[in-house]
Asks: 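One structure, as structure tokens, below. Some questions next.
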Amino acid sequence: MPANALDVLDARGLISAASDADALRRALDRPLTFYVGFDPTATSLTAGHLVTLMMAHHLEQAGHRPILIAGGGTGMIGDPSDRLDTRALLTHEDVAANVAAIRTQLERFVDLSEGDALVLNNADWLAELGYLEFLRDIGRHFSVNEMLATDTYRNRLDAGENLNFIELNYRLLQAYDFLHLYREYGCTLQIAGSDQWSNILAGVDLIRRVERTQAFGLVAPLLTTAEGAKMGKTAAGAVWLDPGRRPPFDFYQFWINLADGLVAQALGMLTTLPMSEVAALRDLRGPDVRRAKQALAHNVTATVHGREAADAARETARSLFADATGDAEAVPTTLVTAAELEAGISIVDLLVRTDLAPSRGAARRLIAQGGAYVGESRAADPEAIVNRSQVPDDGLLLRAGRKRYHRVVVGP
RNA sequence: GGGUCGGUGGGUGAGCGGCUAAUACCACCGGACUGUAAAUCCGGCGCCUUUACGGCUACGUAGGUUCGAAUCCUACCCGGCCCA
């Protein structure tokens, strides 16, 4: 008899609230169908989505059926949760493209190849809703007083920010999704991050009122930075799961560079390591915390980008930061044509080309402040030119600051 | 629809005719120290360049007044509050 999924999630620190824990535990004794939604606001998911993806992963492992919703319908609206500003509306085309792109990423976490796991687009049922019908059948179950009393909406009002009608309706649509999935697929559990708690409860309530059935909600704590900000974004941009937007090596490095205080939590929530191993890693102190970070980074990178990419990232990181053995295979690479190199490229241009500097001015600044390296040597002269002869066959390694690396390779 | 207040750089938010590429704080970047961590200290943080008391662009949008405008005027767009 395998452990109850609720206990598995709880042990990993993935539960922040459950709508009726005792009844849910009983329900999880037998296979059930659960769902989790993702807003298609970009062509890639980010590190911030990992928490719910892992929840789904563990539930599936425990024998439950996942339904993953790429929210093409709700994505048209924009979730106001946790935001004080109004979201920009996405076009139909954007949403469709994003949904398609995200779908492939979901497969990393949930096995869609066999069994009856589903990926659905809620636009399929939301788009055909009749307004009058929706108001009459669904809208009547929602109290505006109650909605305005919840943090999500009250914060907006208290802050003197605009809250438009579209956003007020987001909750109804999400609740309707849950109802629809219950009716069509027998889905009785919705999971998400804790910012979705009240939206989920709205769905649970709706199902109870309309179907006279108990459904459940389960939310995970949000991983936050040391400052309490939502994790998953850095100044350099979001931590995309798409290898094209955030190379696996950089993704690995993101986890290595995580603040110590977050490591214990992240090990439980985001890795697939057995809890016995997690417990041991959590006991590490001082410089040894790096070992925990390596385990974290490798495991998460392997989940997202595959074992091979994770191994390569780890080897490269070791050679760059530890022993300087091994090679820098996995460092993000930019191709520069032989012709360009024959003519010579200024170091400033190269820093911009490789995204190590956002502008030429920033590149000059970087050099002036002593933060730019070409190979092993610190670049002192912003006017310096890099020639073909300076680029070895395996590429010229550029460095910005202490730990941002990029390689230049002679291309066609 | 009426009244009123407001829209400034990634965020909060000063400035209210020249001294302002624009105070301050946060975030961020580089250096030192370290454990590829945190804290701390130092420097930086619109774009371009021949790096210069240089050029260009920028304070919701479009015009206007002025030798000179983020700062004044007009119209429009967007938002808060009050009234309907």
Side-chain angles (χ1 to χ4, degrees), chain A residues 80 82-89 153-167 224-239 247 249-267 281-282 284-298 300-301 313-324 326 328 330-332 346-349 351-352 354-374 378-384 397-406:
Chain A
D82 232 32
R83 295 178 66 105
L84 287 178
D85 55 334
T86 302
R87 284 199 188 222
L89 294 181
Y153 296 118
R154 200 175 20 154
N155 289 346
R156 287 281 286 272
L157 296 175
D158 289 352
E161 295 291 331
N162 179 237
L163 174 66
N164 67 40
F165 192 65
I166 284 181
E167 294 167 300
T224 55
T225 64
E227 291 75 37
K230 252 191 188 179
M231 205 202 63
K233 288 193 159 88
T234 67
V239 182
F249 175 72
D250 286 347
F251 184 80
Y252 178 90
Q253 284 295 300
F254 170 79
W255 299 103
I256 290 289
N257 287 313
L258 209 61
D260 284 12
L262 290 172
V263 175
Q265 195 188 8
L267 279 167
L281 290 167
R282 282 174 174 169
L284 296 172
R285 289 292 175 273
D288 289 335
V289 172
R290 277 179 302 162
R291 299 218 319 270
K293 290 184 184 178
Q294 281 160 9
L296 169 69
H298 186 268
V300 176
T301 304
R314 181 171 59 193
E315 286 315 305
T316 295
R318 275 189 185 150
S319 79
L320 291 178
F321 296 105
D323 338 309
V331 171
S346 77
I347 177 65
V348 168
D349 284 326
L351 288 168
V352 174
T354 54
D355 279 334
L356 287 174
S359 71
R360 295 170 53 77
R364 288 172 190 281
R365 231 178 280 130
L366 186 68
I367 293 166
Q369 295 182 131
Y373 289 79
V374 177
R378 181 178 265 186
D381 178 13
E383 307 306 323
L397 202 58
L398 300 181
R399 170 155 75 94
R402 281 165 302 169
K403 51 199 182 191
R404 287 159 53 226
Y405 285 91
H406 202 100

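Naming: A, B, ... by sequence-line order, numbering from 1 per chain. In what follows, every heavy atom counts, from backbone to side chain, and hydrogens, waters and symmetry copies are set aside. No experiment lies behind these values; they were computed from the predicted model shown.
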Asks: Need the pair for G1(B). Rule: Watson-Crick or G-U wobble, both distances under 3.5 Å, any strand; none if unpaired.
Replies: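 Because both required distances fall under 3.5 Å, G1(B) counts as paired with C83(B).
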
Asks: What nucleic acid atoms does Ile256(A) come within less than 4.0 Å of, heavy atoms only: base, sugar-phosphate, or nothing?
Replies: base

Asks: Just to be sure I understand the rule, does Arg360(A) reach a base, reach only the sugar-phosphate, or reach nothing, if contact means heavy atoms closer than 4.0 Å?
Replies: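 Since only primed, P, OP1 and OP2 atoms lie under 4.0 Å of Arg360(A), the category is sugar-phosphate.
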
Asks: Do Gln265(A) and Arg282(A) come close enough that some side-chain heavy atom pair is under 4.5 Å?
Replies: no

Asks: Rounding to an integer number of angstrom, what distance separates G9(B) and U57(B) when you compare their C1' atoms?
Replies: 13 Å

Asks: Tell me which nucleotide among U36(B), U49(B), G30(B) gets nearest to the side chain of Asn257(A).
Replies: U36(B)

Asks: Taking atom C1' of G43(B) as reference, at what distance in whole Å does atom CZ of Arg365(A) sit?
Replies: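 Rounding to the nearest Å, CZ of Arg365(A) and C1' of G43(B) are 12 Å apart.
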
Asks: Measure the shortest side-chain to side-chain distance between Leu284(A) and Val263(A) over non-hydrogen atoms and say whether it is less than 4.5 angstrom.
Replies: no

Asks: Return yes if the base of G44(B) and the side-chain atoms of Gln369(A) contain a donor-acceptor N/O pair under 3.5 Å, otherwise no.
Replies: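 Under the 3.5 Å cut-off, the side chain and the base do not form any donor-acceptor pair.
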
Asks: Specify the separation, in whole Å, of atom CZ of Arg318(A) and atom P of G35(B).
Replies: 18 Å

Asks: Could you check whether any side-chain heavy atom of Gln294(A) comes within less than 4.5 Å of a side-chain heavy atom of Tyr252(A), counting everything from C-beta outward?
Replies: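 Side-chain contact under 4.5 Å: yes.
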
Asks: If you look at every strand shown and take non-hydrogen atoms under 4.0 Å, does Gly286(A) touch a base, only sugar-phosphate, or nothing?
Replies: base

Asks: Only pairs with both distances under 3.5 Å count, Watson-Crick or wobble alike; so what is the partner of U57(B) in this structure?
Replies: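 For U57(B), the partner nucleotide comes out as none, under the 3.5 Å rule.
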
Asks: Given atom NE2 of His298(A) and atom C1' of U36(B), what is their separation to the nearest angstrom?
Replies: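 For the pair His298(A) NE2 and U36(B) C1', the rounded distance is 17 Å.
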
Asks: What distance, rounded to whole Å, do you find between the two C1' atoms, one in C59(B) and one in U12(B)?
Replies: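 That atom pair is separated by 16 Å.
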
Asks: Who is the Watson-Crick or G-U wobble partner of G35(B), with both distances under 3.5 Å?
Replies: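 Partner of G35(B): none found under 3.5 Å.
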
Asks: Out of curiosity, Arg154(A) CZ to Leu157(A) CG, how far, rounded to the nearest 0.5 Å?
Replies: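 CG of Leu157(A) is found 9.5 Å from CZ of Arg154(A).
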
Asks: In whole angstrom, give me the gap between the P atoms of C25(B) and A70(B).
Replies: 24 Å

Asks: Do any side-chain nitrogens or oxygens of Asn162(A) fall under 4.0 Å of OP1 or OP2 in C78(B)?
Replies: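 No, outside the criterion.
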
Asks: Can you check whether Val300(A) reaches Phe254(A) side chain to side chain, under 4.5 Å on heavy atoms?
Replies: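 When only atoms from C-beta onward are counted, Phe254(A) and Val300(A) do not touch, as no gap falls below 4.5 Å.
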
Asks: Work out how far the C1' atom of G2(B) is from that of G10(B), and round it to whole angstrom.
Replies: 38 Å

Asks: Using whole Å, what does the distance between atom P of nucleotide U34(B) and atom CZ of Arg285(A) come to?
Replies: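 Result: 23 Å.
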
Asks: I need the CG-C1' distance between Asp158(A) and C81(B), as an integer number of Å.
Replies: 14 Å

Asks: Can a side chain N or O of Lys403(A) be found less than 4.0 Å away from OP1 or OP2 on G35(B)?
Replies: no

Asks: Taking the P atom in each of G54(B) and U20(B), what is the distance between them to the nearest angstrom?
Replies: 13 Å

Asks: With both distances under 3.5 angstrom, what nucleotide forms a Watson-Crick or G-U wobble pair with A24(B)?
Replies: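 Checking every strand shown, A24(B) finds its partner in U12(B), with both distances under 3.5 Å.
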
Asks: Are the side chains of Asp260(A) and Lys293(A) in contact, using a 4.5 Å heavy-atom criterion?
Replies: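 Sidechains of Asp260(A) and Lys293(A): in contact.
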
Asks: Under a 3.5 Å cut-off for both distances, is U50(B) Watson-Crick or wobble paired, and to whom?
Replies: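 Base-paired to nothing in any strand shown.
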
Asks: CZ of Arg402(A) versus P of C28(B): gap in Å, rounded?
Replies: 13 Å

Asks: Looking at every strand, decide which applies to Arg399(A) at a 4.0 Å heavy-atom threshold: base, sugar-phosphate, or nothing.
Replies: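 Since no nucleic acid heavy atom lies under 4.0 Å of Arg399(A), the category is nothing.
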
Asks: How would you label the contact of Ala400(A) with the nucleic acid (heavy atoms, under 4.0 Å): base, sugar-phosphate, or nothing?
Replies: sugar-phosphate

Asks: In whole Å, what is the span from the CZ atom of Arg290(A) to the C1' atom of G35(B)?
Replies: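 Distance check: Arg290(A) CZ to G35(B) C1' gives 5 Å.
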
Asks: Which base, if any, makes a Watson-Crick or G-U wobble pair with A70(B), both distances under 3.5 Å?
Replies: none

Asks: Distance between the C1' atoms of C78(B) and A14(B), in whole angstroms?
Replies: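 Each nucleotide's C1' atom is 23 Å from the other's.
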
Asks: Which part of the nucleic acid does Arg378(A) contact within heavy-atom distance under 4.0 Å: base, sugar-phosphate only, or nothing?
Replies: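 Sugar-phosphate contact only - Arg378(A) comes under 4.0 Å of backbone atoms but never of a base.
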
Asks: For A58(B) versus U71(B), give the span between their P atoms, rounded off to a whole number of Å.
Replies: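 Each nucleotide's P atom is 13 Å from the other's.
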
Asks: With rounding to the closest Å, how many angstrom separate the P atoms on C82(B) and U74(B)?
Replies: 26 Å

Asks: In the structure shown, which nucleotide is the Watson-Crick or G-U wobble counterpart of G6(B), with both distances under 3.5 Å?
Replies: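 Pairing partner: C78(B).
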
Asks: Has Ser359(A) got a side-chain N or O lying under 4.0 Å from the OP1 or OP2 atom of G46(B)?
Replies: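 For G46(B), neither OP1 nor OP2 has a side-chain N or O of Ser359(A) closer than 4.0 Å.
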
Asks: If I take atom NE2 from residue His298(A) and atom CD1 from residue Ile256(A), how far apart are they, to the nearest 0.5 angstrom?
Replies: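 Going from NE2 on His298(A) over to CD1 on Ile256(A), the span is 10.5 Å.
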
Asks: Which distance, rounded to the nearest 0.5 Å, do you find between the CZ of Phe321(A) and the OG1 of Thr316(A)?
Replies: 10.0 Å

Asks: CZ of Phe321(A) versus P of U34(B): gap in Å, rounded?
Replies: 17 Å

Asks: Heavy-atom nearest nucleotide on RNA chain B for Gln294(A) versus Glu383(A): which residue maps closer to 5'?
Replies: Gln294(A)

Asks: Can you work out whether Tyr373(A) or Asp288(A) has the more 5'-proximal nearest nucleotide on RNA chain B?
Replies: Tyr373(A)

Asks: For the side chain of Lys293(A), starting at C-beta, report the closest nucleotide among U36(B), U51(B), G35(B).
Replies: G35(B)

